[in-house]
Amino acid sequence: MPEMPEVETVRRGLNSYVKGHEITHVEIRYNDLITGDVNQFIEFVTGATITDVGRRAKFLLIHLDNGYTIISHLRMEGKYRISADPNAIDKHSHAIFTLDNGQKMIYNDVRKFGRMQLWNTDDLKNNKSIQKLGPEPLSKEFTFETLKPRIMRHHKDIKIVLLDQSVMSGLGNIYVDEVLWKAKLHPETTANHLSDKDIQNIIELSNQEMEKAIASGGSTIRSYIDASGHKGNMQNSLKVYGKEGTPCPRCGTEIVKIKVGGRGTHFCPHCQVIK
DNA sequence: CTCGCTGTTATCCA
DNA sequence: GTGGATAACAGCGA
């Protein structure tokens, strides 16, 4: 499900339900969900209290009071639901955390791509996945000075570069298409052909897009829901993602869909020309 | 039925 | 380094 706005929405939802609560019981129904030793995961999480739910790019960080953090990545379709209703658990519920108030924090993932890992809270910076992340939108490191060299050093299509979480993090397939449309950049433009103005646009528009998407509760295209089971609204504001065959909101030319780096890519062939 | 597609990322190989 | 393919998995629609 998630790009940064969706993960942020989940983070906020989880915080409102689980912060300050003890995890009294853990059930892992799909062992591959856990990176590392499953029994150790269960042992360390059981009895711990959730002090805060944070986020770095698309990673959820469930901080515990015992010095450990559950690093949770939802990948394509991972979801958290808070419920005391046994019917909320189904065959796609792979982890069930029972809380001291009787509620259950249920991790669902139809495709089983998501992963959880326990890590020392003080050492998160050295976790391999977290370590390699580039600056994310809306953070103070997300500046022209930082991003320009990171982007320009690549000779690949700009779409590929923006999806590369080690260059900058947080954007995924939907929002990269949206940002490139707004910046009037063809997704197959080679990254080092961009002008300073283009880089500046990418930064500003990424910030705008993330801010707006978070305010809208994320995009529900196929399956995304937040911790309360609610859909987002941002899908109603998308300009090109999933809009192939419809007129470009700017010039009326039909939006087309191609493959770039194996990912479905939507753009306006009139507004977005290869440099 | 089969094929292709899906908000992700890690890994392997030329 | 880079590019591409492949893998993890399940469901949906054509």
Side-chain angles (χ1 to χ4, degrees), chain A residues 1-11 29-36 55-60 71-80 90-94 107-117 127-134 136-137 149-180 187-188 190-192 206 209-210 212-214 216-226 231-245 257-266:
Chain A
M1 68 189 210
E3 297 183 36
M4 185 177 133
E6 290 76 31
V7 178
E8 175 61 16
T9 303
V10 170
R11 185 194 72 78
R29 300 183 166 197
Y30 176 62
N31 282 350
D32 286 352
L33 169 66
I34 308 298
T35 299
R55 180 184 61 74
R56 173 68 173 96
K58 305 177 195 174
F59 290 86
L60 276 172
I71 303 173
S72 172
H73 199 298
L74 282 41
R75 294 283 185 97
M76 291 291 264
E77 296 205 39
K79 308 173 203 4
Y80 280 97
D90 64 20
K91 64 174 177 174
H92 299 303
S93 303
H94 306 310
Y107 177 76
N108 290 286
D109 191 343
V110 169
R111 294 178 70 184
K112 298 179 175 172
F113 282 1
R115 291 292 178 267
M116 287 183 203
Q117 183 175 17
N127 176 270
K128 195 178 165 193
S129 299
I130 305 274
Q131 189 175 43
K132 61 183 246 185
L133 294 172
E136 64 179 70
R150 301 180 77 96
I151 293 173
M152 295 294 280
R153 92 169 92 102
H154 292 281
H155 296 201
K156 304 191 246 186
D157 297 346
I158 184 60
K159 164 140 184 178
I160 307 290
V161 173
L162 296 187
L163 281 176
D164 183 343
Q165 301 295 299
S166 69
V167 175
M168 58 183 245
S169 59
L171 295 199
N173 206 36
I174 294 179
Y175 298 118
V176 164
D177 282 5
E178 295 297 307
V179 166
L180 290 176
E188 290 174 305
T190 304
N192 65 346
S206 296
E209 191 72 7
M210 292 299 96
K212 188 175 175 197
I214 290 168
S216 303
S219 297
T220 300
I221 304 294
R222 301 177 55 239
S223 66
Y224 167 74
I225 49 173
D226 69 14
K231 295 179 178 181
N233 295 312
M234 186 61 188
Q235 66 276 10
N236 300 322
S237 302
L238 300 179
K239 306 299 186 190
V240 290
Y241 186 88
K243 303 291 187 187
E244 60 269 32
K257 181 178 181 183
I258 61 172
K259 284 268 188 196
V260 177
R263 309 297 301 278
T265 298
H266 316 72

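Computed over heavy atoms, backbone and side chain alike; hydrogens, waters and symmetry mates excluded. Labels below follow one simple rule: chain letters A, B, ... track the order of the sequence lines, proteins then strands, and each chain is numbered from 1.
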Can you build the contact string for nucleotides 9-14 of chain B? Use B for base contact, S for sugar-phosphate-only contact, and - for no protein heavy atom under 4.0 Å. BSS---
Under a 4.0 Å threshold between the charged nitrogen and the carboxylate oxygen, would A:K212 count as salt-bridged to A:E209? no
Calculate the interatomic distance between A:N108 atom CG and C:dC9 atom P; express it in whole Å. 18 Å
What orientation do A:H94 and A:Y107 show, parallel under 30°, tilted 30 to 60°, or perpendicular over 60°? tilted
P atoms of B:dT11 and C:dC9, separation to the nearest Å: 16 Å
Rounding to an integer number of Å, can you tell me how far A:D157 CG sits from C:dT2 P? 13 Å
I'd like to know if the side chain of A:D157 reaches the main chain of A:K159, judged simply by a donor and an acceptor atom lying under 3.5 Å from each other, with no hydrogens or angles considered. no
Given B:dT6, C:dT2, B:dT8, the nucleotide with the shortest approach to the side chain of A:H154: C:dT2
Could you measure between the two C1' atoms, the one in C:dA8 and the one in B:dC1, and give it in whole Å? 24 Å
In this structure, how many angstroms lie between the C1' atom of B:dG7 and the NZ atom of A:K257, rounded? 13 Å
Just how far, in rounded Å, is P of B:dG7 from CD1 of A:I225? 18 Å
If we count only N and O atoms by modelled type, under 3.5 Å, do the side chains of A:D164 and A:S166 hold a donor and an acceptor together? yes
Do A:F113 and the base of C:dA8 stack face to face, with centres under 5.5 Å apart and an angle between planes under 30°? yes
Kindly label the base of C:dG4 as syn or anti, based on whether its glycosidic torsion lies within 90° of 0. anti
Taking only the side-chain heavy atoms of A:V110 (C-beta and beyond), determine which of C:dA10, C:dG3, B:dT8 contains the nearest atom. C:dA10
d(CG, A:N31; P, C:dC9) in whole Å: 13 Å
Given C:dG11, is OP1 or OP2 found less than 4.0 Å from the side-chain N or O atoms of A:K91? yes
Contact between A:P5 and A:Y175 at the side-chain level, heavy atoms closer than 4.5 Å - yes or no? yes
C1'-based separation of C:dG3 from B:dG7 [nearest Å]: 24 Å
Would you find a donor on one side and an acceptor on the other, under 3.5 Å apart, between the side chain of A:Q165 and the backbone of A:L163? yes
For B:dG7 and A:Y175 - does any side-chain N or O of the residue sit under 4.0 Å from the phosphate oxygens OP1/OP2? no
Would you say the side chains of A:Y224 and A:E3 form a donor-acceptor pair under 3.5 Å? no
Please report the shortest heavy-atom distance between A:Y80 and A:S72, naming the atom on each side. OH-OG, 2.8 Å
Whole-Å distance separating the NE2 atom of A:H92 from the C1' atom of C:dC9: 10 Å
side-chain contact (heavy atoms from CB on, under 4.5 Å) with A:S206: of A:L171, A:L162, A:V176, only one passes, and it is A:L171
Are any of the side-chain nitrogens in A:K239 or A:E178 under 4.0 Å away from the carboxylate oxygens of its partner? no
Could you state the atom-to-atom distance from CD1 of A:I221 to P of C:dC12 in whole Å? 17 Å
Please give the distance between the P atoms of C:dT6 and B:dC5 as a whole number of Å. 14 Å
Strictly below 4.0 Å: does A:K259 bring a side-chain N or O up to OP1 or OP2 of B:dT6? yes
Report which part of the nucleic acid A:G264 touches: base, sugar-phosphate, or nothing (heavy-atom distance under 4.0 Å, all strands). sugar-phosphate
Counting only Watson-Crick and G-U wobble pairs with both atom distances below 3.5 Å, the stems of 3 or more consecutive pairs that include DNA chain B are B:2-6 with C:10-14, B:8-14 with C:2-8
What's the NZ-C1' distance between A:K79 and B:dT6, to the nearest Å? 12 Å
